[in-house]
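Chain letters run A, B, ... following the sequence lines, proteins first and then strands; every chain starts at 1. Nothing here was measured: the structure is a model prediction, and the numbers come from that model.
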Amino acid sequence: MKKEIISFETLLSSWSAEVTATNFPEAHSAIPSGVIPSRNEEFGDYQCETAMKLAKELKTNPRAVALTYKKAVHPDFVEKIEIAGPGFINITLKTTALAAQLEAMLADEKIGVPNLGKNQTVIIDYSSPNVAKPMHIGHIRSTVIGNSLDRLYRALGYNVIADNHLGDWGTQFGLIILGYREFADAEALKTTPVEELERIYVKSYNLSKEDEIWRERAKAELVKLQQGDKENRALWETFVELTLNEFDRIYKRLGVSFDLCRGESFYNDRLSSVIDLLKEKGLVTESNGALVCDLEADGLNIAIVRKSDGGYNYTTTDIATVMARTEEFKPAEIIYVTDERQQLHFKQFFHICKKIGVPTRLTHVWFGLMRLPEATFSTREGNVIKLEALLNEAEARALEIVKASSPGMDAAQQHEIARAVGIGAIKYTDLSQNPQSLVTFTWEKALAMDGNSGPYLQYAYARIASVRDKYAEKFPGKNPDEFPVVLTEEQERRLALKLTRFPAAVEAAAKLARPSVLADYLFDLSQAYSSFYQNVPFLKADEGVRESRIRICTLTATTLKQGLDLLGIETPERI
RNA sequence: ACCCCGGUAGCUCAGCUGGAUAGAGCAUCGGAUUUCUAAUCCGACGGUCACAGGUUCGAAUCCUGUCCGGGGUACCA
């Protein structure tokens, strides 16, 4: 059994809490005792603001309170504690302790990421595109953010079930079936099936708006489908299959895979019993021919659970889905990743779930819509950018750069690197900003390959891989692990400190449901490494120092690789 | 009308459960390559944190109001 790695932040926070409890028992327990990384490195490695908060409550001098911490027995890994400004407690670690922590992390496969999710199942519901509609760049966010959360939770030891809740059931199928019969283009269905299905849908939808007879016919087709008509059912299955084939191709390119792919249709049989249950609980009333949950009293408007034509809508489907998932998997939590427009829906739906006694914690992770600088995307405007077009463009641009920088490399390898770099660039762009801000799409930003970008991080990784190859070449048979880690240079110490903070970054990213927290950390780490790389020699250093630095490179590489993997970004050994 | 987001450097964004001099990237300008991958590094320039009040030792951060932008508000999801 390996010794568990505990971060300095955690150790220091417990220490500070203890000092508070011993010396200021009269203080309110809510006073935060947290120790955080210094905002400014000239003040040390960690800082604590407890003294100022305590002094405020106890109406005493904050610097005097801070002095108590300075005088208390320090943890053995602390070099010094200083008091500054209005009452900051600044903590500097022993460099030898930092080195020891790096060695512990090097010896641990998970480099210190804790196992928080023991025996807990989390279902993450993401991507969830609609059948018969091509994925455009607006769909990438749920897929990429959801997939990163999926990876983060797995890394923290949760049992994750990734479920792609396809929009494969609904009123649009009446229109599609009718349109398909009337004006499908067999040739187009073979070459670009989903695009053709969408064309059929849009045309049929437009007809339905001006032609009442068409509308009635479409409705009749839908009813037939829902009643299990063989022909319509077969058509529907074809549509689903054609669409899934295409989605699978995109998921494969994105490195995304699901444990389950259960569309709305999967829960179809349970819908009427959901209504029965809601009735039983006295939660529904009739209004204008529809059945609704009136949530006005809770400030959540009204949710329709059965339409006046007898059909069900997504509130009902979602409730049925939760109940089915709860029965089958007993998850501790279900996380939904969708765009911001669905906030009200999820509030309503979570509220109803609570009222009917669903025990599972339900979380809605929403993200801002992606838009163009001049307008929002809309099929009608014809300004949608197909997801595949974006991926193709990214790979093409990356290939140009690879060809320019590695002209001697064979073509297959150039393409492979361009693929990883191009896709990495797109994912990183999306994941590196706060999900909840609205995103303005520009090609320039989406395909950024320098500065704060995916390729910058991949480049840092590839340089390390190259250094390690060179080391093995020049010093065959030597094992750096037989030498201790020693930190001498300023850039080296700074890098070391950043390395020890990886587990905290992973934890925070998952807890806040924001992969951008991890992306920020990794960029910061890469910058620290690049600076180290540029200013500190390793292969030319003396024996011992050289091995120590190679080990630091190794830990940086592992951290980047694992970290980028949590963002779903690959790390080629050479770029 | 009501509800939810957002407004920080020329551009794209961090920072927002109050803390020290508001940070990155891009762009612009100036440097670094006989040396471990220059997709890099080092430096400079650049801000009335939308606006007005308030809370306090301290506000980009919390409260109130205003302006601007996006989204939502019963049979689409």
Can you find a donor-acceptor pair, distance only, under 3.5 Å between [X] side chain and [N] base?
| X | N | result |
| --- | --- | --- |
| A:K56 | B:G58 | yes |
| A:Q47 | B:A20 | yes |
| A:D294 | B:A74 | no |
| A:S287 | B:A74 | yes |

Touch class at under 4.0 angstrom, heavy-atom based, for [X] against every strand present:
| X | answer |
| --- | --- |
| A:N40 | nothing |
| A:E49 | base |
| A:I575 | base |
| A:P537 | base |
| A:D168 | nothing |
| A:V536 | base |
| A:N434 | sugar-phosphate |
| A:R306 | nothing |
| A:A303 | nothing |
| A:S531 | sugar-phosphate |
| A:V292 | base |
| A:E264 | sugar-phosphate |
| A:R546 | nothing |
| A:Y459 | base |

For [X] and [N], is the shortest distance between a side-chain N/O and OP1 or OP2 below 4.0 Å?
| X | N | value |
| --- | --- | --- |
| A:R463 | B:U40 | no |
| A:Q343 | B:G72 | no |
| A:S437 | B:A14 | yes |
| A:K540 | B:C36 | no |
| A:R574 | B:A39 | no |
| A:Q527 | B:G25 | yes |
| A:Y456 | B:C41 | yes |
| A:Y314 | B:A77 | no |

Considering every strand shown, what is the Watson-Crick or G-U wobble mate of B:U48 when both distances are under 3.5 Å? none

Please give, in whole Å, the distance from B:G58 P to A:K53 NZ? 15 Å

Take atom P in B:C5 and the same atom in B:C42, then report the distance between them in whole Å. 39 Å

For B:G15 versus B:C49, give the span between their C1' atoms, rounded off to a whole number of Å. 11 Å

Do the rings of A:Y471 and A:F475 sit parallel, tilted or perpendicular, given the 30° and 60° boundaries? tilted

Please say whether the positively charged group of A:R325, taken as NZ for Lys or CZ for Arg, lies over the ring of A:F266, i.e. under 6.0 angstrom from the six-membered ring centre and within 45 degrees of the axis. no

Might you confirm whether atom CD of A:E444 has over 12 heavy atoms from other residues, nucleotides or ligands at distances under 6.0 Å? no

With a cut-off of 6.0 Å (strictly less than), are more than 12 heavy atoms of other residues, nucleotides or ligands near NZ of A:K445? yes

Checking ring pair (Phe, Tyr, Trp, His ring centres under 6.0 Å) between A:Y336 and each of A:F367, A:F349, A:Y126, which is the one that passes? A:F349

Can A:F523 be classed as stacking with the base of B:A24, given a centroid separation cut-off of 5.5 Å and a plane angle cut-off of 30°? no

ring centroid sep under 5.5 Å plus plane angle under 30, A:F88 with B:A20: yes

